[in-house]
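Have a look at the structure below before the remarks.
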Amino acid sequence: MTLGPTTRFAPSPNGRLHLGHAYSALINWDLALKSGGKFLLRMEDIDSGRSRPEFEDGIFEDLKWLGIDWEEPVRRQSEHLDDYQRALDRLSELGVLYPCFCTRKDILAEVGQSKSAPHGPFGAIYPGLCRNLTDAERHQRLAGGDHHAIRLDVEKALTIVAAKSPSPITWQENHNEAQVTLFCDLSPLGDVVLARKDIPTSYHLAVTIDDHLQGISLVVRGQDLFVATNIHRLLQALLNLDTPHYWHHKLIEGPTGEKLSKRKHAPTLQSLRADGVTPEDVRQMLGLDSLYATTY
Ligand code: GLU
């Protein structure tokens, strides 16, 4: 019997890991290990243009070096597209999806016209152009084979969830060694994409389905994904999925206070290792110097 939480580390194999990843992976690992829980590994590899097997191998190498091991099998999102398609079909039956034919340029042009256009943490909030198409326009464009993504109609989704249960959508966030109940606020996100033009899923859909199917009971990830949890909770409520607890940890910053990222060429664990840094040094640099010291 598993006593502690089932946690996971879910990197995208599109580059080498840096200290920010090490922080997330080590916290997840420590939390599972210290309480007899389980630690799972997932490759978020739906971006086929950027994901590469050598980066996946690099992730295995870096995690092993840090002293982390995981339960097999590793879940690769690219191998589970059927699971995401099934969820999309269910959402489609609920009437909460619509095709979106907009290009990035269309969206920016529309948003640029309105000075007060709201922006969320993931960029401009979708202004709803395709939500307002008539059925006839939609059918015509679909029949013409126009490329499209699939968006979630958040207003409709909220109405459906409210009809199922009058209680507001909430989640349990671990904060300063306590649990707090947070109320969902969908306003910073707008109608997010649930399936892209090339693939029957997106980050939001895949992560929600995977956390459910892998039995994740505690999602520990960076503060930058805090807002995304609102959408994940909405999807869980629509699809009657299990609700994990969450802990959005602080982000590890570089010397000038910037968020570490692959894009900005943060030093990789591989390069730190080559410079003689040890796994113990990494823990110390991250404030996780004694194993099991992790607290919320
Ligand atoms: N793949 C995401 C990342 O590398 C993590 C997503 C998650 O933990 O939900 O930032």
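For ligands, and for the atoms within them, numbers begin at 1 and follow the listed sequence.
- Asp191 pairs by the salt bridge (Lys or Arg N to Asp or Glu O under 4.0 Å) definition with Arg131, not counting sequence neighbours.
- Around the CD atom of Glu137, the shell of radius 6.0 Å holds more than 12 heavy atoms that belong to other residues, nucleotides or ligands.
- For a heavy-atom separation below 4.0 Å, the residues in contact with ligand 1 are Arg8, Ala10, Pro11, Ser12, Glu44, Tyr203, Val207, Arg221, Leu225.
- Paired with Arg86 under the rule side-chain hydrogen bond (donor to acceptor under 3.5 Å, both in side chains), one option of Asp89, Asp83, Asp82 passes, and it is Asp83.
- Centroid-to-centroid, the aromatic rings of Trp171 and Phe226 come within less than 6.0 Å.
- Phe60 has its ring centre less than 6.0 Å from the ring centre of Trp70.
- Taking the six-membered ring where the residue is Trp, the centroids of His18 and Tyr23 are separated by 6.0 Å or more.
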